[in-house]
Every structure is written in structure tokens, then in C-alpha cells.
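Down below is the structure, laid out as C-alpha cells.
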Amino acid sequence: MFSIAIIADIHDWHTKKIKFHLEKKGCKVLILKFSELSAKFSDNNYSLFAKNKKLVFDGVWVRFIGNGTLEEITTKLTYLHLLEEKKIYVHNSPLAIEKTVDKTRTTGILEINKIKSPLTFVWQGKKIPDSIFNSKIRFLLKPIFGSQGKNIVLIENTKEIKKKIAQGNIFYLQEFIKNENQKKFSDIRILISNHKIVSCLERSSEKNFITNIYQGAKYEKYKIKSELKTLSQKISKIFNIGYGGIDIKIHKDSFLVLEVNSIPSWKAMQKIEEKNISEILVNDFLKRLKN
């Protein structure tokens with residue numbers, strides 16, 4: 001049927017599940033790491049190689065891009081951009097990854113499209129903008145490139161910012177929205193594929209303001225309502241993601257979008273979901289590939 005490359009910096013449970021269901025559909029699957037790849041430009045052509053072998057495939061599934069130098073990350077994304085130039089389908093596209101991996105860009109795109117996020121400030125260097133210096137709002141200091149809830153700091157008083165060091169010298173401060181139910185911290189993770197809701201869960205913690213499952217948060221299935229479903233589908237279309245995770249905070253009957261993840265995990269979600277998520281995602285991927 002098709003030859004598919006699953007490319008990542010690290011392969012895990014998710015790669016195994018994708019590979020299993022692709023092979024079940026008759027696909028040939030290549031498991032590759034970005035560090036194995038090299039490019040050749042000659043004779044008006046662009047070719048990718050791994051272990052001195054020229055790679056030929058019909059589609060690419062990008063599973064995980066880790067930290068690295070600016071040159072390393074740019075090169076990984078350039079490989080993917082150039083594959084798209086050759087009309088090879090990339091899931092998710094490098095443009096979608098670029099729009100979602102950078103929190104500043106994500107928040108800006110959401111706000112420009114009239115989708116609410118918590119109040120957010122971004123600036124470079126130690127000089128704090130006057131607009132927030134005397135604010136009594138509590139903030140979360142987040143790395144603009146980051147995942148799994150790592151390196152997020154709660155700022156109780158804006159004067160504390162002077163003592164903080166921001167990763168990459170870029171301060172991304174987002175208002176800390178506390179639950180109306182003071183007994184726990186929580187948010188909603190929605191998994192979407194081909195602009196359709198696959199599953200939804202609520203993540204919560206009684207002690208930690210970070211509700212990422214990687215950080216030990218509890219989780220349970222969440223029954224998504226039509227208004228939230230419509231919002232999630234709108235976000236998916238704005239970012240043009242093949243599949244993704246959308247993190248939302250419900251506060252005073254409003255939906256505040258915290259993050260859009262173009263390389264989401266679903267291992268925890270599968271534990272509380274009867275349907276086979278990996279199979280659904282693979283079927284949706286193949287539909288896109290055929291189109």
C-alpha cells in the first residue's frame with residue numbers, strides 16, 4: 001500500500017502503536033531518528049538518507065522533536081518543509097509544528113482569531129514592562145519552547161520577576177487562573193484528529209498547580225459539551241493540524257485556551273477510553289495521505 005516513515009528524536013509507546021496499525025493496514029513502516037538523517041541536493045533534486053541509504057516513502061508521521069540548538073531544530077523542520085515541497089504528506093506539517101511549539105506564536109494566533117487565552121505578556125531581557133510591574137495578578141512564567149509542564153514557575157508577586165531567569169532570555173508570563181473549586185487545580189485536554197474530537201479528559205491535582213500527567217496529575221474521562229467541541233474544531237482548522245492536543249481552562253463559564261500541541265501523547269487517555277485511539281489516528285492519517 002504505502003511506505004511510511006515515522007520520524008522522531010525519541011521513539012516510545014506511541015511509535016509502536018502507530019507502526020502496528022499502519023502495518024495492519026498493509027503499509028511498510030520505517031522507524032527513523034532525526035539524528036540519522038542527512039540530505040543531498042544535486043541534479044535539481046532533494047533526497048534524504050539514513051545510514052547511507054536513500055529514503056523513499058509516501059508519507060511522514062512526525063512523532064517527537066526534542067530540544068536542540070537553533071541550527072538543529074531549524075534543520076529538522078527544513079527537512080520536513082522540503083518533503084512537502086516534493087508533495088510528500090507530513091503529519092503534522094512543519095508549519096503546524098512551528099505555530100504550536102512556540103507559545104508566543106500560539107497565543108498570538110489564538111487572540112488574533114478572537115479565541116481567548118489567559119492574559120499574557122512577552123518581552124526580552126530584564127526590563128519589566130510598566131504595564132505589569134504593579135499588577136496584583138499571579139502569573140506563570142513558562143518557557144516558550146517546552147512541554148510536559150517542565151520549568152514552569154508560579155510568580156506570586158511581579159516584583160519576584162527581577163530574581164528570575166527566563167529560558168532564552170524571553171519572559172512569557174501568563175495569568176495564573178485558579179479553579180473556582182479551591183480544592184484542586186485542573187484543566188481539560190482534548191484530542192482531535194482531522195478536525196474531529198477523538199477523546200477528552202480532565203487533568204487535576206490537589207497539590208501541584210501544574211496539571212500535566214507527566215508531573216503526576218490525576219485524570220478522568222470528561223464529557224465534552226457542544227460549545228467546547230465547536231471551539232476545538234475551530235482551533236484545529238485555524239492551525240491546520242492533522243491531529244493535536246488542545247488544553248483548555250474553564251473559568252467563570254468561559255473557555256481559556258492554554259496550549260495547542262501538534263505532537264500530543266495519548267497513552268494516558270487510552271487507559272480511560274474504550275475505543276482504540278491509535279487505530280482512529282492511523283485511519284485519519286491514511287485518509288489525509290490518500291487525498
Side-chain angles (χ1 to χ4, degrees), residues 67 99-190 200-220 222 227-228 231-232 235 245-261 264-265 268:
N67 296 331
K99 287 180 177 180
T100 57
V101 74
D102 177 349
K103 290 184 177 65
T104 303
R105 192 169 178 183
T106 303
T107 304
I109 291 171
L110 290 168
E111 291 291 341
I112 288 168
N113 284 277
K114 304 186 185 314
I115 296 173
K116 290 184 180 180
S117 288
L119 175 65
T120 304
F121 292 91
V122 181
W123 73 91
Q124 178 179 338
K126 280 291 186 181
K127 184 173 174 56
I128 304 171
D130 294 337
S131 55
I132 72 162
F133 188 75
N134 294 317
S135 173
K136 295 182 180 180
I137 297 172
R138 292 196 294 171
F139 288 94
L140 294 176
L141 173 59
K142 301 180 179 181
I144 62 169
F145 302 121
S147 61
Q148 300 178 327
K150 296 178 181 177
N151 302 312
I152 297 176
V153 179
L154 178 62
I155 305 292
E156 296 280 1
N157 187 311
T158 52
K159 294 178 181 178
E160 295 178 21
I161 299 169
K162 290 185 176 181
K163 304 175 184 177
K164 303 299 180 183
I165 298 174
Q167 288 192 17
N169 200 33
I170 298 295
F171 282 83
Y172 176 100
L173 252 68
Q174 193 165 70
E175 182 181 358
F176 174 59
I177 307 295
K178 193 167 184 179
N179 282 53
E180 294 176 58
N181 174 5
Q182 301 294 315
K183 295 182 180 180
K184 67 177 182 179
F185 306 98
S186 69
D187 64 11
I188 307 299
R189 160 57 68 94
I190 298 165
C200 182
L201 58 75
E202 180 182 35
R203 307 179 295 192
S204 64
S205 175
E206 294 181 359
K207 297 180 180 179
N208 193 348
F209 65 88
I210 299 172
T211 54
N212 195 283
I213 294 171
Y214 180 85
Q215 300 274 16
K218 296 179 181 179
Y219 53 94
E220 61 183 355
Y222 183 85
E227 188 178 357
L228 187 53
L231 175 63
S232 301
I235 293 169
I246 302 172
D247 297 342
I248 293 177
K249 187 84 173 178
I250 301 176
H251 183 66
K252 296 181 179 178
D253 297 322
S254 293
F255 300 125
L256 299 174
V257 182
L258 305 177
E259 190 170 338
V260 181
N261 189 331
S265 300

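Side-chain atoms are counted along with the backbone in the values below, which use heavy atoms only and exclude waters and symmetry mates. The first residue in the sequence is number 1, and the count goes up from there.
- Salt-bridge annotation for R203 and D187: present, with a side-chain N of the basic residue lying under 4.0 Å from a carboxylate O of the acidic one.
- At a threshold of 4.5 Å between non-hydrogen side-chain atoms, the residues F176 and L154 count as touching.
- Taking OG1 of T107 as the reference point, atom CG of L258 lies at 9.0 Å (rounded to 0.5 Å).
- Annotation: side-chain contact (heavy atoms from CB on, under 4.5 Å) contacts of N113 (sequence neighbours excluded): I109, I238.
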Chi angles and distances behind the side chain to side chain contact (heavy atoms under 4.5 Å, CB included) call for I235, V260: CA-CA 8 Å; I235 293 169; V260 181; 3.8 Å; yes
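- Closest heavy-atom contact between R189 and S265: NH1-O, 4.1 Å.
- Between the NZ atom of K218 and the OG atom of S204 there is a distance of 7.0 Å, given to the nearest 0.5 Å.
- A 4.5 Å side-chain heavy-atom check between Y222 and I250 finds at least one atom pair inside the cut-off.
- In this structure T100 satisfies the side-chain hydrogen bond (donor to acceptor under 3.5 Å, both in side chains) test together with S262, sequence neighbours excluded.
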Just list the side-chain donor-acceptor pairs under 3.5 Å for residues 117-124, sequence neighbours left out, or say none.
unit_1 : atom_1 : unit_2 : atom_2 : d
S117   : OG     : V257   : O      : 2.9
T120   : OG1    : P118   : O      : 2.7
T120   : OG1    : Q174   : NE2    : 3.1
W123   : NE1    : G125   : O      : 3.0
W123   : NE1    : K127   : O      : 3.2

Go through it in stages, so that I can follow the logic: the residues are L231 and I248, the test is side chain to side chain contact (heavy atoms under 4.5 Å, CB included), and I'd like the CA-CA distance, side-chain angles, deciding distance and then a yes or no. CA-CA 10 Å; L231 175 63; I248 293 177; 4.1 Å; yes
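- Residue F255 holds its CZ atom at 4.5 Å from CG of L228, rounded to the nearest 0.5 Å.
- The line from CD of E111 to OG1 of T106 is 12.0 Å long, rounded to the nearest 0.5 Å.
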Between I155 and V153, does the side chain to side chain contact (heavy atoms under 4.5 Å, CB included) criterion hold? Intermediate values first, please. CA-CA 6 Å; I155 305 292; V153 179; 4.2 Å; yes
Mind running side chain to side chain contact (heavy atoms under 4.5 Å, CB included) on I188 and L201 for me, showing each step along the way? CA-CA 6 Å; I188 307 299; L201 58 75; over 6 Å; no
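- If you take CD on E175 and NZ on K249, they are separated by 11.0 Å, rounding to the nearest 0.5 Å.
- Considering CD1 of I177 and CZ of F139, their distance stands at 9.5 Å, rounded to 0.5 Å.
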